[in-house]
Each structure stands twice: as C-alpha cells, then as structure tokens.
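For reference, the structure discussed in these notes is given below.
First the proteins, then the strands, lettered A, B, ... as listed; each starts at 1.
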Amino acid sequence: MISIKEMYYNFITPEKSGKKIGLFRTLLAIFGALIVTYLGMMVLLFVSPGSFLDLVVVFVLFYTFVWACSALWIVLAPSKLSALLRVIIPVFIFSLFLSQMS
Amino acid sequence: MQEPTVKLFKQRLLRAHTSLGIFLSLFMYICLFFGMFAIFLPFIQVWEKPSRHFEVNNTKEINYSSIIDTVISNPDFPKNNIKIKLPGYKNDPALRISHQFIEEQIYNPNTGLKQENEGKNSKLAFFLNQMHYGQFFSIYGRLLFGFVAVGVMFLIVGGLLLLVYIKFQKNGKNQKASFSKLHRNLFILTCIPLFLITLTGAFMNVGFKGAAPLASYISKGEKNNVFALVRPVLMPKEKSVKSANINVKMLSISVLLKKAKEINPQLNVEELKLINWKDKTARVEFVGYNPYKPFLNGIYNRPKIILSAVDASVIKNIRVLDRSWSVLLTDSLYFLHLLYGVDIFTKVFVSFLMLLSCFAIAFGVMHWLEKQAKVFDEKIPFYHGFGKFSLALMIGVLPATALLFNLQWLLPFDMNNRIFVQQALFFNAWLATLSWSFYRLSSYKASKEFLGLAGVLFIIAPFIHFISSGFSALDLYKKNMTSILSVDITLFLLGLILLIISYKLPTTREKPQYFWNKKYKGLTNES
C-alpha cells in the first residue's frame, strides 16, 4: 500500500514519462475543459459590447472549438496537480465574475 | 521550459494525438466518406426518383398560374402558407407544391402533368446524408458524431502543435516513414477547410443541444432551448396576417415573379409562399439565394421580397446585408460545409479535399499499425487486429455503397418494404466485407478484391438505371436531363478508377514496401 505522503508526492511532481496519459488526466481534460470553456464563454458573453442575442449565436458557434483547445491545454499540464489547478482556478475566477454579474 | 518538461510535453502531445486519433479515425472516416456523397445530394436526389425523369426545357416560359391554380382551386386545398418550390431549386427540375398538412405534389413544369410522388419509397440520398451526420442512429448517433467533431478539432490543433514542436523525418527509408509523411502533408493541405467544416459539423449536432444550460441561465430557468431564444436573430418569422374574408382576383404568379425580379435582379427566386390566397390581404413571399454575395447567404440568411398578390405593391424587401452580423458570420462558416447554391466546380474541389482527408486518415492508421506490428523471423510482420477492422470499414464500404446504387433501380418502386430491403442489404454487404477481411490473410489481396468488386458494381449501376428507367444515355442527353446524366457518368468513371487502382495494388509480401517507398532498404520496423 502506498502511503498518503507518497500519493501526494506522485500527485504534485511531473511524471518521468509522458508516454501514458492516464485516466485522471483524460477525464479531467474532457469534463474540466467543458466547464472551463462554458464559464469562460459566458463571461465573454456578458463582457462584450453589442447585441446580446448576436453574442449568444457566437457562443453557440465557437464553444466546441474552445472546448477542444482547452482540453488540449489541460491534458498537457506537467503534473497531475497542475492539471487540476488548470481546471479549478479558471472555474473559480469565472464563477466569481458571473455571480457578480447577475 | 526546462529540458525534462519539454520532453514530457512532446511525449504527452504525441500520445494524446495518437490515442485520440486512432479512437476517432473510423468515425471521422465515415463522416467524410458519406459527406462526399452528401455534397452531391441534390444530384443524387434527382437521379434516384422516376418522377423527375422528364424532358427539361429551360428556354420555354413556364406557365405557373395554370399549374398552381388548378391545384389551389381544389376546395379541399388549404388557402394559407402554401409553399411552392420552383424548378431549379437544388437542381430539381420539377415544380413542387406543398403544405404542412398535405403530401407534396410534383409537377412537370413544361407539360403541367402531375408526377407520382414516390417520396416514401425512394430514400437513397436521404440515407447517405443520414449516415453522414449520424441521424441514422437518431439522437445517439448525432451526439456521437458531434463529439467526434469536437475530438477532431482537438486533433487538428494538436497536430499543428506537433508540426511545430517535433522534427519529423523528411526522407525516411521505409513504409512507416512514407505513411507518416503522407499523413502530415495531406493534412497540411486540407486542414483549414476541414477545420471550418468540422466546426460547423459540431455546431449542427452538439452546438444547440449543449447550450441548453446557457439558455436556462439566461432565461432564468424558464427555457431550455437555445434555438428558441436566438430564433428572432437567426430565422425571424413574419407576423401572421389575419384574413379579411373578402374574395378578390389574384394577379398571375408569372407577373408577380417578373416584378420581384425587377426589384432585386440579383436574387435567384427559389421558393414562393402564398399567404391568405384569393383574399384581399393575399401576399406572396419570394425567397431565394443571391449568388453575387457568396458566403453571406443561403442557410439562415435568405433574402426575401414580399409582394401583395392583389396589386403587386412591395410590402417588404429584405436583402442579404439587411441582417445582423451574427447571421452573416453563421452563414459564412456554414458555406464550405453545406455548399449551398455553389457551382459544380467548387463542389468537386471541396469533395476532392475531403477525399484527400480520407486518405490522410487512412495513412495515419496505417502508420500506427506499422508501429504496432510485431515482426516474426525478422521477415513477417503481424499487424494489430484493428487493421483488419479498419480495412473492412474504410474499403469495404465501397462495394456496399455501390450495391446501394444498384439496388435503387433494381428493386421495383412498388415493392413492399423497399427501403428496408435496400438498407439491410447495404449493411449486410458491409458486414460481409468484415468477415472476408479476416479470412483473407493478405490485406492487400482483400483490398484488391473489394476495390475490384466496387469498380464493377459502380460501372453496372448506370446501365441498370438506363434499363429500368427507360431512358438511355442518348435520351438523357437529348432531352437536356443533365443533372441525371452527370450522376450516371460520375458513377461510371468512379467504377473505372476503382478498377484501375485495384489492378495496380501490390499482392505479395515484399512488394508493398517498394510500392509505398521507392527508397526501401530493410525491414519495416526499422525507423
């Protein structure tokens, strides 16, 4: 059994080999990226000038692309901790902003 | 970035690209393959239907009123929101009159004769289109293909990053290197249009459904449907006009058409909508496409002229640029995907680019298979089972599709369960190629057989069409039925090309190495 200290150490240091991606990173990239882009695009929606419905159309057009890009960004994080942070910190900032807006 | 992190980054990037690539390769190949047929959907739609096999005379003035009035004066026919599709709309030579509650009626515009609507019994083009975007497996297929599109965008961006970060070999000496080079070079050529097409593909399948949480948030929990929210921007509805219940004589449609053409000569009128017909408040909506402003109209943005049917006065004139910028942006992104109203050369060019993408996917898979191959006795490569499966899917689909085209005119149109039989035989043929590709030890031999069979079937298809429809090639040419004849010629040429490729493919174990790389010097696994 691996001790808690070892698990924590494995979590925060970059792995030796990038040849495997692992379930944690994969799931985090797929679902974490979805949440990050959704909230990020919503922030852009409220910040940008112009007719609101026009911006909604732009949101629906491009959010799949931004999802793919942010999934790529998250999956390439050097360590498991940084991958998690790449999800949590943007979500935190965007949710703060959105809660202020409405 | 420090040294170890860059190496980790590159390894991870390659691993993510490869694993997602292999996972999505077959799905994307299906989308691209059936998409190539979907580009020519208007032509196939006309080719497959006996009701569209009549002489086309473009110079003669069409007498709309005599045809339309006989239909509308029928007391059972509804008087409001009658849709009329003019000949030439989506390459269809027939005049079509339809309404929400009535089966579409099809007329030969030159003779005024009514054609029999075999719509329920002839769904070849519809089936190919459904296979293209996953609708054949209803909502699950559409969502799956939508997610495939998102994954492909991940692959495209990842692939471009790989080109920046990893120095690939330019002149490798074996098959593996050739496959890698072909995969990279072909995709460099096609990545930009492919990206735009995939983006709109994802938008159509998963875009609106996935934005439901946003709709819920914006409407404070009331509505879940984004399309209902943005409808005023994308497809604004005209306010319905109450009928005054006063019978007035209507101006003839030909006169109204001439007036519409005077108001906006750039507009190709394609559809008419008759509102409150024979009433004092009657009006006609002329909807169409403006070929002088490509990329900006055709899908959500359809320029419209509304004229009063009593005195031809202009009620509304909505031009291409009168809409908001988001609609213009949407239509410009959709343009390369739906290719609405473009000339045949652009369509052929885009389908050629998609053919190159199909090859690039195949070469990516073959490169991976070479990497995974285990070599016995230093001579005999043994490939992963995925290779046989992808052989059946990528190449076996060709004879199955050729069979589909043959069955269209072989099976009688009044046969019971005609469409079920046609589709069932298609899928069974495709599955049979799966068994055959495992049975045949040499994949190259199996490919030769599949391509040869597909070639023969594609060559036979136009002849079955000629015999069954009663129109020979010469008849089609003389009677100006060009869209139908062009499909026959294309099928024949396609069959010929497949036969030639089948003849040229290598068979024995040593020859493939030289086939793919003239500089071959040694085993396939050496890089």
Side-chain angles (χ1 to χ4, degrees), chain A residues 13-23 25-26 28-31 33-35 37-46 48-80 82-83 95 98-99 101-102, chain B residues 1-2 4-17 19-20 146-147 149-158 161 195-196 198-203 205-211 213-215 217-218 220 226-227 229-234 300 324-330 333-334:
Chain A
T13 48
E15 288 95 336
K16 280 207 185 65
S17 158
K19 289 202 172 156
K20 282 200 193 292
I21 304 261
L23 189 66
R25 241 183 251 268
T26 315
L28 202 60
I30 297 176
F31 297 106
L34 183 58
I35 302 179
T37 65
Y38 222 91
L39 293 175
M41 299 284 282
M42 279 171 81
V43 167
L44 276 178
L45 197 63
F46 288 113
S48 310
S51 148
F52 188 69
L53 283 183
D54 282 330
L55 290 169
V56 173
V57 173
V58 171
F59 174 108
V60 184
L61 270 175
F62 289 110
Y63 85 93
T64 48
F65 171 56
V66 181
W67 180 13
C69 285
S70 53
L72 191 63
W73 178 59
I74 291 171
V75 90
L76 290 174
S79 67
K80 287 199 174 80
S82 65
S95 336
L98 282 172
S99 65
M101 281 299 298
S102 61
Chain B
M1 267 197 267
Q2 294 170 330
T5 344
V6 175
K7 183 161 159 259
L8 268 183
F9 175 81
K10 287 195 223 178
Q11 280 175 330
R12 219 169 255 138
L13 183 58
L14 187 62
R15 173 77 179 167
H17 183 90
S19 46
L20 193 65
F147 293 133
V150 179
V152 168
M153 285 194 277
F154 179 99
L155 290 172
I156 294 177
V157 178
L161 276 180
F195 171 73
L196 289 171
T198 314
L199 177 66
T200 36
F203 173 56
N205 272 10
V206 130
F208 280 117
K209 291 186 180 45
L214 175 73
Y217 180 80
I218 294 176
K220 310 235 187 304
V226 167
F227 191 74
L229 267 180
V230 295
R231 207 200 164 110
V233 171
L234 283 182
Y300 285 113
S324 74
W325 60 269
S326 60
V327 185
L328 298 177
L329 175 68
T330 316
L333 285 176
Y334 263 113

Exercise. B:Leu333 and A:Leu61: side-chain contact (heavy atoms from CB on, under 4.5 Å), yes or no, with the steps?
Worked result: CA-CA 9 Å; B:Leu333 285 176; A:Leu61 270 175; 3.9 Å; yes

Exercise. Tell me, do B:Phe154 and A:Val75 make a side-chain contact under 4.5 Å, heavy atoms counted?
Worked result: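 In short, these two side chains touch, coming nearer than 4.5 Å.
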
For this session: Give a yes or no on whether A:Phe31 atom CZ has more than 12 heavy-atom contacts from other residues, nucleotides or ligands under 6.0 Å away.
Result: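 Open: at most 12 neighbouring heavy atoms sit under 6.0 Å from CZ of A:Phe31.
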
What's the spacing between [X] [atom1] and [Y] [atom2] if we round to 0.5 Å?
X	Y	atom1	atom2	result
A:Phe65	B:Leu196	CZ	CG	10.0 Å
B:Asn205	A:Thr64	CG	OG1	10.5 Å
B:Met153	A:Leu72	CE	CG	12.5 Å
A:Leu76	B:Lys10	CG	NZ	13.0 Å

Identify which part of [X] has an atom lying under 4.5 Å from any heavy atom of chain B, answering side chain, backbone, both or neither.
X	value
A:Val58	side chain
A:Ala77	backbone
A:Tyr63	side chain
A:Leu45	side chain

Under 4.5 Å from any heavy atom of chain A, what part of [X] do you find: side chain, backbone, both or neither?
X	value
B:Val157	both
B:Leu234	side chain
B:Leu14	neither
B:Leu20	neither

What's the shortest heavy-atom distance between [X] and [Y], and which atoms?
X	Y	value
A:Tyr38	B:Ala211	OH-CA, 3.0 Å
B:Tyr217	A:Leu98	OH-O, 3.8 Å
A:Pro78	B:Leu8	O-CD1, 4.4 Å

For this session: Apply the test side-chain contact (heavy atoms from CB on, under 4.5 Å) to residues A:Val57 and B:Leu329: give CA-CA distance (whole Å), side-chain angles for both, the deciding distance (0.1 Å), then the verdict.
Result: CA-CA 9 Å; A:Val57 173; B:Leu329 175 68; over 6 Å; no

Residue, of [options], that accumulates the most heavy atom pairs under 4.5 Å with chain A:
options	value
B:Gly210, B:Ser19, B:Gly151, B:Ala215	B:Gly210
B:Val152, B:Val226, B:Leu13	B:Leu13
B:Leu214, B:Thr330, B:Leu199, B:Val150	B:Leu214

Problem set entry | Audit row: A:Ile30, B:Phe147, side-chain contact (heavy atoms from CB on, under 4.5 Å) steps and yes/no | CA-CA 11 Å; A:Ile30 297 176; B:Phe147 293 133; over 6 Å; no

For this session: Considering only heavy atoms and a distance below 4.5 Å, find which of A:Ser51, A:Ala29, A:Ala68 pairs most often with chain B.
Result: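 The answer is A:Ala68.
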
Problem set entry | Under 3.5 Å donor-acceptor, B:Arg15 side chain and A:Lys20 backbone |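 No; zero donor-acceptor contacts below 3.5 Å.
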
Exercise. By side-chain hydrogen bond (donor to acceptor under 3.5 Å, both in side chains), which residues pair with B:Ser324, not counting sequence neighbours?
Worked result: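 By the side-chain hydrogen bond (donor to acceptor under 3.5 Å, both in side chains) rule, B:Ser324 matches A:Asp54, B:Ser326.
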
Exercise. Taking it one step at a time, do B:Val233 and A:Val56 satisfy side-chain contact (heavy atoms from CB on, under 4.5 Å)?
Worked result: CA-CA 10 Å; B:Val233 171; A:Val56 173; over 6 Å; no

